[in-house]
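Presented below is the structure to which this report refers.
No hydrogens, no waters, no symmetry mates; every other heavy atom, side chains included, goes into these values.
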Amino acid sequence: RRMGQDWRPDEAISPKLIKALIHLLDRKVSRSVTLEEASHWISARLYFLSLYVFSLRGPEGLLMDLSGIRESSREGLRHDPPYVVMALLGKVKGETHKRHHEMQSVSETSSGLKLRKAVESLLWVRQQEGRTSGPAICDSAGVVWTTLVANKILHELLEILFSINSSLFPKHISSFGDIREAYHVFRSFRRGSDSRAISQNVSELDIN
C-alpha cells in the first residue's frame, strides 16, 4: 500500500450520515460545560459543514479566515433572503481586489443543514475568546487545526454514530477500523457533496 499499488479512495459522506453527524455535534455543543469544550465542538461543526456544503478538501477548509467571515457575514445578511459568504485565505486566478476567496451558500440547505447558525455560533465563541482575526478553525488558544487533528475528531464522532446506528454506514463498513480506514477529511465530505449534487440533477459543468 505504501508503494501506491493499493489505492483506496475516501468513502463519501452520505446525506443521512452528514445530518446524523451534525445532529450529534449539536448535542455536543448544547451539553458543553466550559467555553473551551464549546469552542471545540462549534469549530468541528462549522468545519465539517463547510467541507460538505462548499465541496472542499480538508486542507482547504482550514483556510477559513475569521476576519473575512466576520465581514462577509454582514454582507450576506443585507440580502433578501440572506445568504452565507465563506471567506478562505488566498486568491483564485483572476481575482485581484480581495485577499480572500469568497464562496456563497444558502443559510439553510434543502436537506436542513443550518450553515448560518454554525457560522454565527463560531463568531460568538471566538468573540468570547477575545479574537476577531486569525484562523477560524482553531483550538481555544488560537492554533489552527491540522488535518490529523480533524481526522481524529471525525473518527471519534463516526464511531459514536456507528455504535448507535450502524445502518447509517454502507454495509462494507463493519467496524471502527473500517471507519478509520475509509473516512478522512481530505475527500470524504467533498465526495459526499458531489454525490448529493448528482442526485439533485446538478449539471456536471456546475459541479466542476
Side-chain angles (χ1 to χ4, degrees), residues 8-64 84 86 105 108-109 111-126 129 135-141 143-196:
R8 304 182 190 184
D10 289 352
E11 188 74 34
I13 299 278
S14 68
K16 66 179 181 179
L17 183 54
I18 185 68
K19 286 194 282 187
L21 178 63
I22 299 306
H23 183 62
L24 175 59
L25 280 163
D26 288 342
R27 294 206 308 272
K28 292 281 190 182
V29 170
S30 65
R31 295 174 182 175
S32 296
V33 294
T34 65
L35 182 64
E36 183 177 4
E37 185 182 4
S39 175
H40 178 78
W41 298 122
I42 287 171
S43 298
R45 181 170 61 187
L46 180 60
Y47 178 63
F48 295 147
L49 263 178
S50 296
L51 295 186
Y52 186 83
V53 172
F54 294 110
S55 194
L56 299 174
R57 296 183 181 93
E60 295 168 343
L62 297 175
L63 295 175
M64 286 190 279
V84 175
M86 184 58 65
S105 168
E108 182 175 342
T109 70
S111 56
L113 299 177
K114 300 177 180 179
L115 187 63
R116 175 164 293 282
K117 175 186 174 183
V119 169
E120 290 176 347
S121 293
L122 184 110
L123 293 178
W124 174 83
V125 80
R126 293 289 174 260
E129 294 167 344
I137 306 303
C138 59
D139 61 22
S140 59
V143 179
V144 66
W145 286 6
T146 64
T147 52
L148 185 64
V149 167
N151 270 325
K152 184 177 179 181
I153 296 168
L154 175 64
H155 293 156
E156 175 189 347
L157 294 169
L158 292 181
E159 287 170 8
I160 292 172
L161 291 174
F162 186 83
S163 298
I164 297 170
N165 183 8
S166 61
S167 68
L168 290 168
F169 298 81
K171 290 184 178 180
H172 63 271
I173 303 295
S174 59
S175 67
F176 288 175
D178 288 343
I179 287 173
R180 291 188 290 270
E181 189 76 24
Y183 292 96
H184 303 92
V185 296
F186 186 72
R187 279 195 64 90
S188 285
F189 290 92
R190 184 183 176 111
R191 290 196 68 205
S193 179
D194 287 350
S195 298
R196 173 68 174 167

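For the atom pair R116 CZ and E108 CD, the distance stands at 11.5 Å (nearest 0.5 Å). Residue L46 holds its CG atom at 11.0 Å from CD of E120, rounded to the nearest 0.5 Å. From S188, atom OG reaches atom CG of N151 across 8.0 Å, with rounding to the nearest 0.5 Å. Taking CZ of F189 as the start and CG of L49 as the end, the distance is 8.5 Å to the nearest 0.5 Å. Taking OG of S111 as the start and NZ of K16 as the end, the distance is 14.5 Å to the nearest 0.5 Å. Here S32 contributes atom OG and W41 contributes atom CH2; the two are 8.0 Å apart, rounded to the nearest 0.5 Å.
Proximity of a side-chain donor or acceptor of E37 to a complementary backbone N or O of V33 within less than 3.5 Å is detected. In this structure, R190 contributes its side chain and L56 its backbone to no donor-acceptor pair below 3.5 Å. A donor-acceptor pair is defined here as one N or O able to donate and one able to accept, closer than 3.5 Å; no such pair exists between the side chain of Y47 and the backbone of A136. S195 contributes a side-chain N or O that, together with a main-chain N or O of R191, makes up a donor-acceptor pair within less than 3.5 Å. A side-chain donor-acceptor contact under 3.5 Å links S30 to the backbone of R27. Under a 3.5 Å cut-off, the side chain of K28 and the backbone N or O of H40 do not form any donor-acceptor pair.
Of all heavy-atom pairs between I179 and I173, the closest is CG1-CG2, 3.7 Å. Residue G61 comes nearest to L51 through the heavy atom pair CA-CD2, 3.8 Å, listed as atom of the first residue, atom of the second, then distance. In plain terms, the two heavy atoms of S163 and F176 that are nearest each other are OG-CZ, 3.3 Å.
Residues L122 and S43 have side chains in contact (heavy-atom distance under 4.5 Å, counting atoms from C-beta outward). A heavy-atom distance below 4.5 Å is found between the side chains of L21 and L154. Using a 4.5 Å heavy-atom threshold, the side chains of K114 and I22 count as separate. Side chains of V149 and K152 form no contact here, defined as non-hydrogen atoms less than 4.5 Å apart. Using a 4.5 Å heavy-atom cutoff, the side chains of F48 and I13 are not in contact. Put simply, the side chain of S55 reaches to within 4.5 Å of the side chain of D194, judged on heavy atoms.
By the 6.0 Å contact criterion, CD on E36 is open, its count of non-hydrogen atoms from other residues, nucleotides or ligands being 12 or less.
A salt bridge is defined here as a Lys NZ or Arg NE, NH1 or NH2 lying under 4.0 Å from an Asp or Glu carboxylate O, and R126 with E129 meets this definition.
When each of H172, R187, H184 is checked for a side-chain hydrogen bond (donor to acceptor under 3.5 Å, both in side chains) with E11, only H172 meets the rule.
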